[in-house]
2 protein chains.
Amino acid sequence: MKYSSSKENYLKAIFHLQQDDSVVNTNALARQLNTKPASVTDMLKKLKAQKLLQYQPYKGVKLTADGKKVALQIIRKHRLWEYFLVDKLGFGWEEVHEIAEELEHISSRKLIDRLELFLGSPRTDPHGDPIPDSQGKMPVIQQTALLDLPLKKTAAVISVSNQSTAMLDLLKHYHIGIGTKLQVNRRFEFDQTLEIAIANRPVFTISELLASNLFVAYDTTTA
Amino acid sequence: MKYSSSKENYLKAIFHLQQDDSVVNTNALARQLNTKPASVTDMLKKLKAQKLLQYQPYKGVKLTADGKKVALQIIRKHRLWEYFLVDKLGFGWEEVHEIAEELEHISSRKLIDRLELFLGSPRTDPHGDPIPDSQGKMPVIQQTALLDLPLKKTAAVISVSNQSTAMLDLLKHYHIGIGTKLQVNRRFEFDQTLEIAIANRPVFTISELLASNLFVAYDTTTA
DNA sequence: ATTTTTTTTTAGATTTGTCTAAATTTAAAT
DNA sequence: ATTTAAATTTAGACAAATCTAAAAAAAAAT
Ligand SMILES: [Mn+2]
Ligand SMILES: [Mn+2]
Ligand SMILES: [Mn+2]
Ligand SMILES: [Mn+2]
């Protein structure tokens with residue numbers, strides 16, 4: 001029931017790359033983990049021997065129920081620590097990911113359950129991603145792409161799908177974060193740029209690329 | 001400037017075994033680290049190559065200034081995390097050591113400095129041991145062995161030199177912890193047992209072995 | 001001063017996780 | 001249907017950290 005940091009990172013990466021019941025390829029994994037395809041193949045054999053994933057040579061890989069369970073515990077730890085770093089220690093949301101990559105491998109179950117309580121059982125991490133509960137159940141958060149938001153409708157940013165430092169830097173520049181309330185004034189046809197309005201601030205425009213990575217929630221009750 | 005967990009554990013163990021400028025032997029280190037003497041020799045050669053310690057075959061080992069600096073940073077992290085676990089997450093002081101053994105290897109400097117601030121810059125950990133500051137300077141805490149405490153003098157427990165689970169269990173049983181105020185009523189000559197009095201509690205006796213591992217502070221101003 | 005015991009080091013293996021280079025399989029293009 | 005290209009796996013090597021068994025050095029005992 002105890003796996004190396006390396007194995008935990010593989011399981012987490014596979015989980016993230018695995019949409020629905022699709023299969024994950026060796027090269028994609030190697031890219032995600034900053035390693036070489038040959039190393040991935042080696043590790044897949046070991047994880048298969050531990051029944052954490054299904055794997056047939058050349059045919060890609062998929063987590064078993066056991067593998068998913070482990071992955072979800074790592075994700076739980078990662079996101080709770082991120083919340084701690086931002087909410088309790090005052091870190092910016094763009095600097096916590098790296099540190100959480102280390103903290104997520106601390107093994108004490110009791111520690112993480114108490115941490116959750118201490119934090120007040122938050123439902124999402126600082127990037128808006130849902131935090132699995134201690135059973136590994138991850139709440140599905142209803143979200144709409146910012147690109148699909150009707151004009152002039154106020155909505156709150158609830159998650160960002162790309163969390164690269166470059167992207168988070170840009171969001172910081174615009175002062176956009178999880179919970180920021182905004183609306184789309186108009187769409188410019190020429191380059192698909194969006195004009196954004198935030199209360200008490202001058203309007204500004206953002207690129208389609210940025211918008212495509214922002215997800216929002218808004219009141220859907222019929223007026 | 002970044003060392004493996006294993007190397008950090010070696011440096012910390014040597015630091016703890018090294019009184020004043022004395023030399024540490026291979027066997028003592030092996031015992032402390034739950035490893036074999038042959039493994040210790042291997043590692044000492046690597047640490048010497050990194051100039052973290054002075055080592056001549058058969059002649060024992062001693063930390064260099066650099067080695068001490070690294071050891072003190074690990075000790076700082078260990079004790080701050082222990083404080084966090086007890087003070088913020090509500091752990092008992094006897095259950096935090098193991099978890100801190102893992103947390104002490106998290107590398108972010110910024111994390112530990114912010115943690116210290118968040119905790120209010122405590123001067124000692126839950127076991128009464130002093131916490132080195134970010135420069136690695138460790139405050140010396142004036143302490144007296146409980147065995148040397150004059151009879152009927154009230155004193156506060158400030159540290160325990162043996163932190164085995166067995167010992168901490170026993171202290172828990174007696175409801176003795178850091179900060180507990182007590183006095184020694186009398187010493188029994190036959191087995192050197194001490195009779196202890198704590199306000200609002202029946203008196204009880206403790207063994208000489210236990211007493212020899214307890215350190216206290218008391219008012220030394222002349223009456 | 002030898003002999004015996006203890007401590008420490010060396011020699012040679014092992015495990016885990018990684019890599020490069022070469023071989024193999026699968027997929028795409030002609 | 002071949003040929004070419006891309007993806008994946010194998011073969012062999014390496015670094016880190018550990019171990020067992022044997023050799024060597026130092027310390028203790030006679
Ligand atoms: Mn990680
Ligand atoms: Mn996150
Ligand atoms: Mn440790
Ligand atoms: Mn402690």
Side-chain angles (χ1 to χ4, degrees), chain A residues 1-15 17-19 22-63 67 70-71 74 101-102 104-107, chain B residues 1-15 17-19 22-63 67 70-71 74 101-102 104-107:
Chain A
M1 292 297 168
K2 182 68 177 313
Y3 306 98
S4 68
S5 292
S6 191
K7 281 181 179 168
E8 291 185 345
N9 285 337
Y10 271 86
L11 295 171
K12 194 173 60 135
I14 296 167
F15 183 93
L17 290 173
Q18 179 179 322
Q19 314 289 15
S22 77
V23 125
V24 177
N25 335 306
T26 303
N27 277 354
L29 254 177
R31 209 173 321 115
Q32 179 88 0
L33 292 164
N34 284 306
T35 185
K36 295 291 181 290
S39 308
V40 172
T41 301
D42 287 345
M43 184 60 95
L44 292 182
K45 286 191 250 179
K46 293 172 197 163
L47 293 171
K48 183 189 181 177
Q50 286 176 98
K51 300 191 197 304
L52 294 167
L53 45 80
Q54 293 173 257
Y55 165 64
Q56 298 296 5
Y58 298 102
K59 307 192 64 182
V61 71
K62 207 198 284 204
L63 294 179
V70 176
I74 309 303
E101 277 302 313
E102 282 185 69
E104 71 188 1
H105 302 291
I106 303 290
S107 58
Chain B
M1 292 299 169
K2 180 73 174 313
Y3 306 98
S4 69
S5 292
S6 191
K7 282 181 177 168
E8 291 185 343
N9 285 338
Y10 272 85
L11 295 172
K12 193 173 60 137
I14 296 167
F15 183 93
L17 290 173
Q18 178 179 323
Q19 313 290 14
S22 78
V23 123
V24 177
N25 334 306
T26 303
N27 276 356
L29 255 176
R31 209 176 318 115
Q32 178 89 2
L33 292 164
N34 285 305
T35 185
K36 296 291 180 293
S39 308
V40 172
T41 302
D42 286 347
M43 183 62 93
L44 292 182
K45 287 191 249 176
K46 293 174 199 163
L47 293 171
K48 183 189 180 178
Q50 286 175 97
K51 301 192 197 302
L52 294 168
L53 45 80
Q54 293 174 255
Y55 165 66
Q56 298 295 6
Y58 297 103
K59 308 192 62 182
V61 71
K62 207 199 285 204
L63 294 179
V70 176
I74 309 303
E101 277 302 314
E102 282 186 67
E104 72 188 3
H105 303 291
I106 302 292
S107 59

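This structure is a prediction, so every number in the text was calculated from the model and none was measured. Below, all heavy atoms of this structure are taken into account, side chains as well, without hydrogens, waters or symmetry copies.
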*Considering residues at least two apart in sequence or located in another chain, which fulfil the side chain to side chain donor-acceptor pair (under 3.5 Å) criterion with B:Q18?*
none

*With sequence neighbours left out, write down each residue that passes side chain to side chain donor-acceptor pair (under 3.5 Å) with B:S4, or none if nothing qualifies.*
none

*Which is true for A:Y3 with a 4.0 Å heavy-atom rule: it touches a base, it touches only sugar-phosphate, or it touches nothing?*
nothing

Would you mind writing out the side-chain donor-acceptor pairs for residues 44-58 of chain B within the sub-3.5 Å range, not counting sequence neighbours?
{"unit_1": "B:K48", "atom_1": "NZ", "unit_2": "B:Y55", "atom_2": "O", "d": "3.0"}

_Tell me the closest heavy-atom pair linking A:F15 and A:A71, and the distance in Å._
CB-CB, 3.8 Å

*Could you tell me which non-hydrogen atom of A:E8 sits nearest to which non-hydrogen atom of A:E104, and how far apart they are?*
OE1-O, 4.2 Å

*asked:* Please compare A:K46 and B:N25 by the position of their nearest nucleotide in DNA chain C and report the one closer to 5'.
replied: B:N25

*Looking at residues 52-59 of chain A, who's got a heavy atom less than 4.0 Å off DNA chain C?*
A:Y58

*Which residues within residues 34-45 of chain B lie with some heavy atom under 4.0 Å of an atom in DNA chain C?*
B:P37, B:A38, B:T41, B:K45

Close N/O contacts between protein and nucleotides 4-6 of chain C (under 3.5 Å):
none

*asked:* One pair to check against side chain to side chain contact (heavy atoms under 4.5 Å, CB included): B:K12 and B:E101. What are the steps and the verdict?
replied: CA-CA 11 Å; B:K12 193 173 60 137; B:E101 277 302 314; 2.7 Å; yes

Show me, pair by pair, the donor-acceptor contacts under 3.5 angstrom made by side chains of residues 22-38 of chain B, not counting sequence neighbours?
{"unit_1": "B:S22", "atom_1": "OG", "unit_2": "B:Q19", "atom_2": "N", "d": "3.4"}
{"unit_1": "B:S22", "atom_1": "OG", "unit_2": "B:Q19", "atom_2": "O", "d": "3.0"}

*asked:* Quick check on side-chain contact (heavy atoms from CB on, under 4.5 Å): which of B:N9, B:V40, B:L63 does B:I14 satisfy it with?
replied: B:L63

*Considering only heavy atoms of chain B and a distance under 4.0 Å, specify the first and last nucleotide of DNA chain D in 5' to 3' order that meet this criterion.*
D:dA17 to D:dA26

